[in-house]
2 protein chains.
Amino acid sequence: MKEELDVFHRHLAKERLKRTSQRDLILEVFLETEDHVSVEELYDMVKRRDTTVGFTTVYRTMRLLVEARLAREVNFNDGRTRYEHEYKHDHHDHLICTECDALIEFVSPEIERLQEEIAQKFGFVITDHSHRIFGVCNGHYTKTGELPPYCRKRQNGDLPPAS
Amino acid sequence: MKEELDVFHRHLAKERLKRTSQRDLILEVFLETEDHVSVEELYDMVKRRDTTVGFTTVYRTMRLLVEARLAREVNFNDGRTRYEHEYKHDHHDHLICTECDALIEFVSPEIERLQEEIAQKFGFVITDHSHRIFGVCNGHYTKTGELPPYCRKRQNGDLPPAS
DNA sequence: TTGATTGCAAAGCATTTGCATGCTA
DNA sequence: TAGCATGCAAATGCTTTGCAATCAA
């Protein structure tokens with residue numbers, strides 16, 4: 001927590017921006033959740049600690065956190081941008097259950113390597129990527145209906161079909 | 001062209017929906033472009049042939065084409081949904097240049113296989129996936145500034161950074 | 001005939017912007 | 001003090017919906 005705050009403040013200083021209580025609070029609340037929060041969800045959480053913080057400020061602060069490489073935008077096709085921790089979190093991709101709010105993070109060095117190969121073949125320099133696998137999780141096709149333990153719940157239950 | 005029209009009409013019949021001149025025209029125009037068109041772009045193209053067709057009808061027809069598996073939604077983070085041909089077009093993913101409108105389609109059976117492995121490991125049944133690699137294409141870091149020939153132009157030049 | 005389709009206008013949503021006020025450096 | 005930040009309201013941009021008129025089956 002301490003470390004991320006330092007990173008943020010250094011970023012603000014570098015950009016000649018100002019440290020404010022709102023910005024600090026939003027970062028603090030963001031760091032406390034391991035969920036993939038939307039601005040609205042984060043706003044609700046922030047509001048519980050300080051009712052005066054505005055919606056717009058959360059939007060603007062999330063942009064700053066992305067610039068400071070503390071947050072990373074993700075999109076699960078539910079119509080809103082979500083954010084996950086980026087600082088000292090290895091890159092990963094997502095398995096997304098379209099039947100429930102199950103979400104699994106996965107890492108595949110082999111896929112990353114193949115990506116590089118492909119990019120190289122076409123003369124591309126990769127800056128970023130987004131690999132989303134949509135499907136149906138265990139709990140939704142097995143008879144028990146139980147969610148596998150590694151299926152962490154998402155915040156919003158309703159995902160439209162994949163794009 | 002003929003074949004896709006048949007597929008469409010069969011889909012309409014199956015769903016007890018009606019064949020209309022607007023729907024036929026929109027499909028026809030969609031099939032004529034190899035671009036990843038947005039609804040707005042498609043609407044403009046349709047308008048040139050029939051000025052009476054409405055915006056809403058294009059939206060609604062694209063939904064039908066997706067249901068009929070003639071079109072596939074894609075999203076390049078430019079704030080609008082785009083569509084590409086799906087009928088008899090093998091699945092592929094995209095390399096997207098964030099500096100220009102270059103777009104490269106790629107296929108990687110190895111990545112597809114690894115995806116399956118990962119999904120299986122987590123008890124997922126894959127229904128769909130979206131793998132987008134954002135980066136800078138050849139023409140934007142080589143001295144010549146020339147676009148490689150396989151960089152097909154997109155319609156809109158301004159892509160925001162990757163999500 | 002009957003119910004689906006159309007096109008317009010209006011509504012919905014997530015996100016951004018304008019601006020007067022407030023606060024950091 | 002200078003100018004960045006804030007929060008509200010209004011605007012934006014894409015997409016959907018309500019509805020009366022129209023049209024396919």
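Heavy atoms only: backbone and side chains are in, while hydrogens, waters and symmetry mates are out. Quick caveat, the model's predicted, so the values are computed rather than measured. Below, chains carry the letters A, B, ... as their sequence lines are ordered, and counting in each starts from 1.
Closest approach to the Arg60(A) side chain among dG7(D), dA4(C), dG7(C) is made by dG7(D) (side chain taken as heavy atoms from C-beta onward). Checking dT24(C), dT15(C), dT6(C) against every side-chain atom of Arg23(B), the shortest atom distance belongs to dT6(C).
Comparing Thr56(A) and Glu40(A) along DNA chain C, the residue whose closest nucleotide (by nearest heavy atom) sits nearer the 5' end is Glu40(A). Nearest-nucleotide positions on DNA chain C for Lys47(B) and Leu12(B) put Leu12(B) closer to the 5' end. Both Thr57(A) and Phe55(B) sit near DNA chain D, but only Thr57(A) has its closest nucleotide nearer the 5' end.
Listed pair Arg19(B) / dA4(C) fails the phosphate criterion, with no side-chain N or O lying under 4.0 Å from OP1 or OP2. At dG7(D), one or more side-chain N or O atoms of Gln22(A) fall inside 4.0 Å of OP1 or OP2 (strictly under the cut-off). For dC14(D), neither phosphate oxygen OP1 nor OP2 lies less than 4.0 angstrom from any side-chain nitrogen or oxygen of Ser38(B). The shortest distance between the side-chain N/O atoms of Tyr59(A) and the OP1/OP2 oxygens of dT15(C) is below 4.0 Å. Listed pair Arg80(B) / dG13(D) fails the phosphate criterion, with no side-chain N or O lying under 4.0 Å from OP1 or OP2. An OP1 or OP2 oxygen of dT6(D) is reached within less than 4.0 angstrom by a side-chain nitrogen or oxygen of Thr20(A).
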For this session: Take Glu105(B) and His89(B) through the side chain to side chain donor-acceptor pair (under 3.5 Å) test and state the conclusion after the steps.
Result: CA-CA 12 Å; Glu105(B) 297 178 352; His89(B) 281 242; over 6 Å; no
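Taking CD of Glu117(B) as the reference point, atom CZ of Phe122(B) lies at 12.0 Å (rounded to 0.5 Å).
His129(B) and Asp93(B) share a side-chain donor-acceptor pair at under 3.5 Å.
Rounded to an integer number of Å, the gap from Arg63(A) CZ to dT6(D) P is 12 Å.
Using a 4.5 Å heavy-atom threshold, the side chains of Phe30(A) and Val46(A) count as separate.
Contact annotation: side chain of Arg16(B) to base of dG3(C), donor-acceptor pair absent below 3.5 Å.
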